[in-house]
> 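One structure is given below, represented as structure tokens, and several questions about it will come after.
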Amino acid sequence: MMKKDFKLSDIPKRNPYQVPEGYFDRLPMQVMERTAAREKAGWLPNLWQPLRLAMAPLLLLLLVFVGVYYYSAFNGQDKVLVNLAAVPDTEIMNYLSTYATLETTDFVELNTLREQDLPADVLNISAQTAEAELEYYNLNTLDY
Amino acid sequence: MLFPQAEYTPEPATPDYLDVPLEDKELLEKFARPESRNMAFNQLVRKYQEKVYWHIRKMVIDHDDADDLTQEVFVKVWKNLDNFRQDAQLYTWIYRIATNECLSFLSSKKRKFFLPLNDVTAELMEKVESSPELAGDEVQKKLQKAILRLPEKQRLVFNMKYFDELKYEEMSEILGTSVGALKASYHIAVKKIEEFLKQD
């Protein structure tokens, strides 16, 4: 129990802590090893810490940007599908006959269909006429 | 024996563990020359290591932390010694680096674990409580725990004056505080410690 009129000077002054035996004999060598290791590592590790701190908000911004981009792209794709489904067939046909250019791959696709699958009112041409038309153009001479 | 007991004696101005202790001026001159740089630095570490270590140890309590910080202080000394302006004493300059390292360490501890000051103090007190060096010495244990209840900078002032027996002028140079403020701070610290000990 401490006295009521306690004074700091009543306590004998001593360092209450100790170190492992031989610690101060080894310390200079350990310090020299650490300085040598730092010299060898150069300036790059010192730069890494502030660089990491600077990169963190940039990375966060990039993630937010990518997230927003993909979110809006995904939503936009949905809208296109919905809109396309709502377009009447006649409008699609008009668009294709006006703007679309047929590629060779389209003919390949057509060959897989049976003749009766090609309605004359869609092609606006009979199967025989179409074949004659193809014969007229020598496809082997076309440049790709 | 891992921890040999020793009565407290402040570090002598010129430690006797150096065969031929070099003056700071001579150390700096040798450090400036590439051929004697390593030898001079080794002597510098030997000359100041105990003062630096004990200063740090009393602030962070744990030996491993103090060991790591002491090495870090000397690495900083190595890197910056070329820029050392000789209008200050080498020792006070090193002491200042050590003080900054201690304060940074304690701050990073708080930030790292999102701990308020009281929790860091409680952690240090727990280290004192479980320290094998203080086992059986209840008075010293109470004194150390009372010192830990001081705010960090006041604890620094108390340790530097009470244990290291530095002059107020030296402390002023190290801490960048006026002598008057340091005297008042030390006086208040002593009163607080005596009060804490009465409460226990």
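Throughout, a chain's letter reflects where its sequence line sits, starting with A, and its residues are numbered from 1.
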> Could you tell me whether A/R34 and B/D68 make a salt bridge, using a distance below 4.0 angstrom between a side-chain N and a carboxylate O?
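Looking at A/R34 and B/D68, the cut-off is met.
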
> Within 45° of the axis and under 6.0 Å from the centre of the six-membered ring of A/Y17, does NZ or CZ of B/K58 qualify?
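No, cation not above the ring by the 6.0 Å, 45° rule.
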
> Hey, is the main chain of A/L8 close enough, under 3.5 Å, to the side chain of B/E194 for a donor-acceptor pair?
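At least one qualifying donor-acceptor pair exists.
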
> Would you find a donor on one side and an acceptor on the other, under 3.5 Å apart, between the side chain of B/R46 and the backbone of A/L27?
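No: the side chain of B/R46 does not pair with the backbone of A/L27.
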
> Please look at B/K141 and chain A and tell me whether the side chain, the backbone, both or neither of the residue comes under 4.5 angstrom of a heavy atom of that chain.
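For B/K141, there is no contact with chain A at all, as no heavy atom is under 4.5 Å.
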
> For A/I11, does its backbone N or O pair with a side-chain atom of B/Q140 as donor and acceptor, under 3.5 Å?
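It does not hold such a pair.
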
> What part of B/D64 gets within 4.5 angstrom of chain A, counting heavy atoms only: side chain, backbone, both, or neither?
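Answer is neither: B/D64 stays 4.5 Å or more from chain A.
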
> Looking at CZ of B/F74 and CE of A/M32, how far apart are the two atoms once the value is rounded to the nearest 0.5 Å?
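If we round to the nearest 0.5 Å, B/F74:CZ and A/M32:CE are 12.0 Å apart.
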
> For B/V128, which atoms come within 4.5 Å of any heavy atom of chain A: side chain, backbone, both, or neither?
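Answer is side chain: those atoms of B/V128 sit under 4.5 Å from chain A.
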
> By side-chain contact (heavy atoms from CB on, under 4.5 Å), which residues pair with B/E126, not counting sequence neighbours?
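side-chain contact (heavy atoms from CB on, under 4.5 Å) check on B/E126 returns B/S130.
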
> Give, as side chain, backbone, both or neither, the part of B/Q71 having an atom under 4.5 angstrom from any heavy atom of chain A.
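For B/Q71, heavy atoms of backbone and side chain both lie under 4.5 Å from chain A.
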
> Looking at CG of B/L197 and NZ of A/K7, how far apart are the two atoms once the value is rounded to the nearest 0.5 Å?
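Interatomic distance, B/L197 CG to A/K7 NZ, rounded to 0.5 Å: 12.0 Å.
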
> Looking only at atom types and distance, does a side-chain atom of B/Q49 sit under 3.5 Å from a main-chain N or O of A/F24, one as donor and one as acceptor?
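Such a contact is found between B/Q49 side chain and A/F24 backbone.
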
> Would you call the rings of A/Y23 and B/H63 parallel, tilted or perpendicular if under 30° counts as parallel and over 60° as perpendicular?
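Aromatic pair A/Y23/B/H63 classed perpendicular.
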
> Would you be so kind as to tabulate the donor-acceptor pairs closer than 3.5 Å made by side chains of residues 177-185 of chain B, with sequence neighbours excluded?
unit_1: B/T177; atom_1: OG1; unit_2: B/L175; atom_2: O; d: 3.3
unit_1: B/S178; atom_1: OG; unit_2: B/A181; atom_2: N; d: 3.1

